[in-house]
Protein chains: 2
Amino acid sequence: MRVAMIEDDIELAEILAEYLGSHNIDIVNFDDPYLALAKLRVESFDALILDLTLPQIDGLEILKDLRKFSDIPVIISSARSDIADKVLGLELGADDYLPKPYNPRELEARLKAITRRKGKTAQSDIKIDRQKGVVYFKNRVLDLTPAEFEILSYLYENSPRAVSREELIRNIDSLNENSTPKSVDVIIGRIREKLRERENPKHLLSVRGVGYRLIR
Amino acid sequence: MRVAMIEDDIELAEILAEYLGSHNIDIVNFDDPYLALAKLRVESFDALILDLTLPQIDGLEILKDLRKFSDIPVIISSARSDIADKVLGLELGADDYLPKPYNPRELEARLKAITRRKGKTAQSDIKIDRQKGVVYFKNRVLDLTPAEFEILSYLYENSPRAVSREELIRNIDSLNENSTPKSVDVIIGRIREKLRERENPKHLLSVRGVGYRLIR
DNA sequence: ACTTTATGTTTACTTTCTGTTTACCTCGAT
DNA sequence: ATCGAGGTAAACAGAAAGTAAACATAAAGT
């Protein structure tokens, strides 16, 4: 589990990082909240621990901005015991509120509780259960046609090797063996559509002059 | 929003019920935890507020039993401030921990936070109690014929695997084993009708060339 | 015993899906 | 700028799925 933290008290951050690190939870701390927001935009974490009492800006503002683009679980950690803060924080979309000082064990338990609820850890986005004929993408079942499913599975099993169109046509039952290589291109495009990565593919990459490669 | 509460302090229960009631949250309090469990088995609530310090039994035992048949969001409310209790509670599957005394406003905020979270994680709309022969869809009992019920249950138990028409005909008692696969199509259509997803199915999906799949 | 209702099945027809091809566009390396 | 490769919208045809209606039989009601 990989967790982002916004905490300006470096010492506290290090203590927590050490304790949680030894329990298999990697902490990435940001003392600059704007840098954190930028990172959260492009990288994926399992949760965010947010300190409210920041020097530059109210942590609640950060939360508000964050919620415009992410539904990552957020635990607010604050020395402010004002009930109004709690209520406001939870209304702004925080998932939990932990008053300082707290025991690292409790933070750990809450992190686990929250991510268990979401059932989501930032491991590989794509999981395939060939027996059940099911593809999960970001923990949701993908609804694929037979050709789409078989191509994705084939690339998955050969990941991260680049596979040629010809090899796909030869080995995929749902493809007519007399088909043009272009058929593959079209179906790849449709899979990308369902992965929502038609522009800027992250998993299903084309390898110029060779074919296609899947990154799990 | 309709919330169950297990709280033996009747006075406190009434205060909370009144406050939350005026904020559009209906509280159904049980002073008998076993009665509560029985009710939770058959009725649907949006959350449960659980007092740990009950006269007859440890609230954590209730939570453990509850988790065997329900994944309803649970907020533990307790005068016990022992950290071990918190950790244990969250590990047993509670979603939040609220130490007494607390402000009703905070309880309200947490209830909202939890159910909002629930909405995001698109948890299962369909619940099946095979023993009782009851299907709940979006917290309502569905009136199904035997064949409809059995097909839905079979798909449910094999979810999200795609099941062939032949497998269904073979395994569903209410279907004549000499029936055409088309029979299945028609019954599936009727189930969809009752799920109100005849157009644009979200749960009962057809998998072309294979059969049908249920997404819980 | 008789009638009505409910429910699974079949039929016949319509609609949708999906793999394929074509045509045109974009992008990147040289 | 050029050329080749990949991307994709659109059109198409055959296959699969959807479904309305009629039917047969079992179950329920009288």
Side-chain angles (χ1 to χ4, degrees), chain A residues 133 135 142-155 162-215, chain B residues 133 135 142-155 162-215:
Chain A
V135 176
L142 267 194
D143 191 16
L144 299 175
T145 72
E148 289 163 3
F149 175 77
E150 285 187 65
I151 288 182
L152 191 57
S153 300
Y154 193 91
L155 291 174
V163 179
S164 72
R165 295 166 176 72
E166 288 69 26
E167 183 178 345
L168 287 171
I169 289 173
R170 239 181 295 119
N171 289 291
I172 303 299
D173 288 344
S174 313
L175 296 182
N176 185 326
E177 58 184 285
N178 300 319
S179 300
T180 312
K182 264 287 150 190
S183 290
V184 176
D185 295 7
V186 174
I187 295 171
I188 291 282
R190 288 176 184 165
I191 299 174
R192 282 183 177 148
E193 179 73 39
K194 292 181 179 177
L195 296 176
R196 309 223 168 124
E197 58 176 46
R198 214 159 197 177
E199 0 217 297
N200 199 16
K202 291 219 175 346
H203 300 86
L204 195 39
L205 311 178
S206 48
V207 183
R208 176 168 263 250
V210 184
Y212 294 96
R213 149 183 304 158
L214 186 79
I215 308 292
Chain B
V135 176
L142 272 192
D143 188 18
L144 299 176
T145 71
E148 288 164 3
F149 176 77
E150 284 187 66
I151 287 182
L152 191 56
S153 300
Y154 193 90
L155 292 174
V163 179
S164 72
R165 294 166 177 72
E166 288 69 26
E167 182 178 344
L168 288 171
I169 289 173
R170 238 182 295 118
N171 290 290
I172 302 299
D173 288 343
S174 313
L175 297 182
N176 184 325
E177 59 183 285
N178 299 320
S179 298
T180 312
K182 264 287 147 194
S183 291
V184 176
D185 294 9
V186 173
I187 296 172
I188 290 283
R190 289 175 185 164
I191 299 174
R192 281 184 178 146
E193 181 70 39
K194 292 180 179 177
L195 296 176
R196 311 226 169 128
E197 57 175 46
R198 207 152 202 179
E199 3 214 295
N200 200 15
K202 293 233 173 330
H203 299 85
L204 195 38
L205 310 179
S206 49
V207 182
R208 170 168 270 243
V210 183
Y212 294 95
R213 148 184 305 161
L214 187 80
I215 307 292

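Remember, it's a predicted structure, so these values are computed and weren't measured experimentally. Values below: every heavy atom of this structure, side chains too, minus hydrogens, waters and symmetry copies. Here is how names work: the chains are called A, B, and so on, in the same order as the sequence lines, proteins then strands, and each is numbered from 1.
- The separation between B:I187 atom CD1 and D:dA21 atom P is 19 Å, rounded to whole Å.
- With sequence neighbours left out, A:S183 forms a side-chain contact (heavy atoms from CB on, under 4.5 Å) with A:S179.
- The salt bridge (charged side-chain N to carboxylate O under 4.0 Å, His left out) search around A:D185 returns A:R165, A:K182, not counting sequence neighbours.
- Straight-line distance from the CG atom of B:L205 to the P atom of D:dA17: 13 Å, rounded to whole Å.
- Among the nucleotides C:dT10, C:dT7, C:dT18, the one closest to the side chain of A:T145 is C:dT18.
- Annotation: side-chain contact (heavy atoms from CB on, under 4.5 Å) contacts of B:L205 (sequence neighbours excluded): A:D143, B:P201, B:I215.
- Using a 4.0 Å heavy-atom cutoff across all strands shown, B:F149 reaches no nucleic acid atom at all.
- Across all non-hydrogen atoms, the minimal contact from B:I151 to B:I187 is CD1-CG2, 3.8 Å.
- Applying the 3.5 Å distance criterion, the base of C:dG8 shares a donor-acceptor pair with the side chain of B:R190.
- As judged by a 4.0 angstrom heavy-atom cut-off over every strand, B:L175 is placed among residues touching the sugar-phosphate backbone only.
- Evaluation of the salt bridge (charged side-chain N to carboxylate O under 4.0 Å, His left out) rule for B:E148 yields B:K194 as partners, not counting sequence neighbours.
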Output field dot_bracket for DNA chain D (Watson-Crick or G-U, both distances under 3.5 Å, | for other-strand pairs) contains ||||||||||||||||||||||||||||||
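- Set against D:dA20, D:dT8, C:dT20, the side chain of A:D185 has D:dT8 as its closest nucleotide.
- Applying the ring-ring contact (aromatic ring centres under 6.0 Å, His included) rule to pairs touching residues 171-201 of chain A yields nothing, sequence neighbours excluded.
- Between the C1' atom of D:dT8 and the CD1 atom of A:I191 lies a distance of 15 Å, rounded to the nearest Å.
- Rounded to whole angstrom, the span from the CG atom of A:L168 across to the P atom of C:dG19 amounts to 14 Å.
- Judged by distance alone, with hydrogens and angles left aside, A:K182 brings a side-chain donor or acceptor within reach of the base of D:dG7, the pair sitting under 3.5 Å.
- Within 4.0 Å of B:V207, counting heavy atoms only, lie sugar-phosphate atoms of the nucleic acid but no base atom.
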